[in-house]
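Side-chain atoms are counted along with the backbone in the values below, which use heavy atoms only and exclude waters and symmetry mates. In listed order, ligands and their atoms are each counted from 1.
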Amino acid sequence: MRVQVAIIGGGPSGLLLGQLLHKAGINAVVLERKTREYVLTRIRAGVLERGLVDLLDQAGVATRLKKESLTHEGVMISSNDDYLELDFNKHIQQHVTVYGQTELTRDLYDAREAAHAKTLFNVENVTLNDITTDSPSIDCTVDGHTVHIDCDYIAGCDGYHGVSRQHIPQDKRNEFIKEYPFGWLGVMSETTPVHSELIYSMSDRGFALCSMRNPKLTRYYIQCDSKDSVDNWSDDSFWNELRGRIPEEYAAKLETGPSIEMSIAPLRSFVCEPMQWGNLYLCGDAAHIVPPTGAKGLNTAASDVHYLFTALKHRYQENESTLLERYSQTALKRVWKVQRFSWWMTSMLHRFPEQSLFERKLQQAEFDFLKQNDAAQAALATNYVGLPY
Ligand code: RFL
Ligand code: PHB
């Protein structure tokens, strides 16, 4: 098989890039290790920045999103029973869109199928060859058959545990990592959201987040020990703990019900530099991870896709490679700003196991300052709705 761009990974990064390339007449194949059904069972992000929504629109896959998504013009941040209702309109005149990553991925797969664009599922043993030459290629196994793909460029969109990043020589690869000593226990439930906006809640018992997918489907998270297991939690114990971590006014009206999904995600910050090696370009979680507190993982994957798509379009339509050469540098500038914001949100809102009373007092002061200071609120709003590309 020969394509212009071979995309490894059929998650949101790979699919969005594939769809944008298809629209621009650049032919690509997507190689996915799992099945479509498996990818669609992963419940992850829920908050989309304007940049991502615009890209989906540009890719021609925003019809359902426009009908079914929710517009959020603010967010609540609380500390025990004290809270701040941060109004994005007051500070930045922008909003965020609430629409599940699962639905967004489904829309992208549907569009790919409708366009008869090539996707290979159950792909194993992916190896990248000659990536520093003008004729890179990929070898892999699909249903026991060996497949060879010649291409001009390879997009590594295969997530944190993917193989692409490992093809950057170890002595040329810098990996920056911070592991947090806690995880998030998440529950999805067919209940009415406790509030019309998201609530990011710090409390003496630990952090909690009240989110949603639609007016009848909620997504709640509580900070848990990094070694905790879902086997240690029942629906009742989850709801009780959540109630104990959000302002009393909301705890009193929290609607509970059976969980339809319960899982634990570890929290880490990670960046790989550079994000490009030869004709291999990394996008999304393959190159960086953020703790979910700022809702930035999927959104930062989207900004990478924007930079890479624009650069590839220039290369194929204008025969201009400068944007491709600058890809890593351009993407990393934004990645580090998002890392800083996600780390800051995480540090302000969570309980840390070894935390001294002094550090707790600083967290409280950070919240009090934020609550009283317009400039601090504007900075949070600017980052939360999404930095420009
Ligand atoms: P993905 O989604 O991991 O997709 C990678 C795909 O590559 C496949 N793959 C391979 N395919 C072929 N060959 C191989 N060798 C392969 N190895 C792997 C995998 O099967 C998979 O299908 O990465 P991508 O596309 O870069 O997308 C990144 C996002 O999924 C991620 O950043 C977000 O989900 C993070 N995230 C959030 N981001 C937001 O912007 N807003 C949020 O509100 C938000 N909430 C979250 C989150 C992540 C969470 N978890 C579970 C860590 C909430 C949580 C709890
Ligand atoms: C979610 O709805 O899953 C979600 C929302 C906001 C976050 C993280 C996750 O910061």
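S79 places no side-chain N or O within 3.5 Å of a backbone atom of D82 that could act as its donor or acceptor partner. When atom types are taken as modelled, the side chain of H288 and the backbone of G297 share no donor-acceptor pair closer than 3.5 angstrom. Put simply, the side chain of R245 gets close to the backbone of R205: a donor and an acceptor are under 3.5 Å apart.
Residue I8 has at least one heavy-atom neighbour below 4.0 Å for each of these atoms of ligand 1: 12 (C), 13 (N). Per-residue contacts place K34 under 4.0 angstrom from the following atoms of ligand 1 (heavy atoms of the residue considered): 20 (O). Contact atoms of ligand 2 toward T293: 10 (O) (distance under 4.0 Å to a heavy atom of the residue). Close approach of ligand 2 to R219 is summarised as follows: ligand atoms under 4.0 Å from at least one heavy atom of the residue are 3 (O). Close approach of ligand 1 to G284 is summarised as follows: ligand atoms under 4.0 Å from at least one heavy atom of the residue are 26 (O). Against a heavy-atom cut-off of under 4.0 Å, A295 is close to the following atoms of ligand 2: 6 (C), 7 (C), 10 (O). In summary, the atoms of ligand 2 found under 4.0 Å from a heavy atom of Y200, numbered by their order in the structure, are 6 (C), 7 (C), 10 (O). Interface of W184 with ligand 2, defined as ligand atoms under 4.0 Å from a residue heavy atom, comprises 8 (C). Against a heavy-atom cut-off of under 4.0 Å, G162 is close to the following atoms of ligand 1: 17 (N). Those atoms of ligand 2 with a heavy atom of L198 less than 4.0 angstrom away are 5 (C), 6 (C). Below 4.0 Å from some heavy atom of V47 lie the following atoms of ligand 2, by number and element: 5 (C), 6 (C). For ligand 1, the atoms lying closer than 4.0 Å to a non-hydrogen atom of C157 are 5 (C), 6 (C), 7 (O). Per-residue contacts place V163 under 4.0 angstrom from the following atoms of ligand 1 (heavy atoms of the residue considered): 15 (N). Atoms of ligand 1 found under 4.0 Å from any heavy atom of V126 (numbered from 1 in listed order, with element): 13 (N).
For the side chain to side chain contact (heavy atoms under 4.5 Å, CB included) with I7, the lone residue among C151, C157, S13 that qualifies is C157. Shown are F352, Y221, W184; of these, the ring pair (Phe, Tyr, Trp, His ring centres under 6.0 Å) with F207 is made only by W184. Results of the side chain to side chain contact (heavy atoms under 4.5 Å, CB included) test with Y153 over I131, L324, V3, L308 single out L324 as the only residue that passes.
By the 4.0 Å heavy-atom criterion, G46 is counted among the residues contacting ligand 1. Remark: distances from the non-hydrogen atoms of Q101 to ligand 2 are all 4.0 Å or more. Judged by the shortest distance from any of its heavy atoms, Y38 lies outside the 4.0 Å radius around the atoms of ligand 1. Heavy atoms of E124 stay at 4.0 angstrom or farther from ligand 1.
Note: an N/O pair closer than 3.5 Å links N299 and ligand 1 by distance alone. For the pair R42 and ligand 1, the shortest N or O to N or O distance falls below 3.5 Å. At a 3.5 angstrom cut-off on N or O pairs, L298 counts as close to ligand 1. Checked by distance only, ligand 1 and R33 come closer than 3.5 Å through their nitrogen or oxygen atoms. Geometrically, ligand 1 and W184 share no nitrogen or oxygen pair separated by less than 3.5 Å. Every N/O-N/O distance between A265 and ligand 1 stays at or above 3.5 Å. Of the N or O atoms in R44, one or more lie within a sub-3.5 Å distance of an N or O in ligand 2.
Across the listed options Q101, R36, E32, E32 owns the non-hydrogen atom lying nearest to atom 20 (O) of ligand 1. Checking G10, G186, G297 against atom 35 (C) of ligand 1, the nearest heavy atom belongs to G297. Taking only non-hydrogen atoms, the option from P292, G186, S211 nearest to atom 5 (C) of ligand 2 is S211.
The closest side-chain donor-acceptor pair between W233 and D228 falls under 3.5 angstrom. At a cut-off of 3.5 Å, with distance as the only test, no side-chain donor of D139 or T127 sits close to an acceptor on the other residue. A donor atom on one side chain and an acceptor atom on the other are not found under 3.5 Å apart for S259 and E261.
The distance between the ring centers of F121 and Y38 does not fall below 6.0 angstrom.
K371 forms no cation-pi arrangement with Y83, by the criterion of a distance under 6.0 Å to the ring centre and an angle within 45° of the ring axis.
Looking at atom 3 (O) of ligand 2, its nearest protein heavy atom turns out to be Y221 OH, 2.6 Å.
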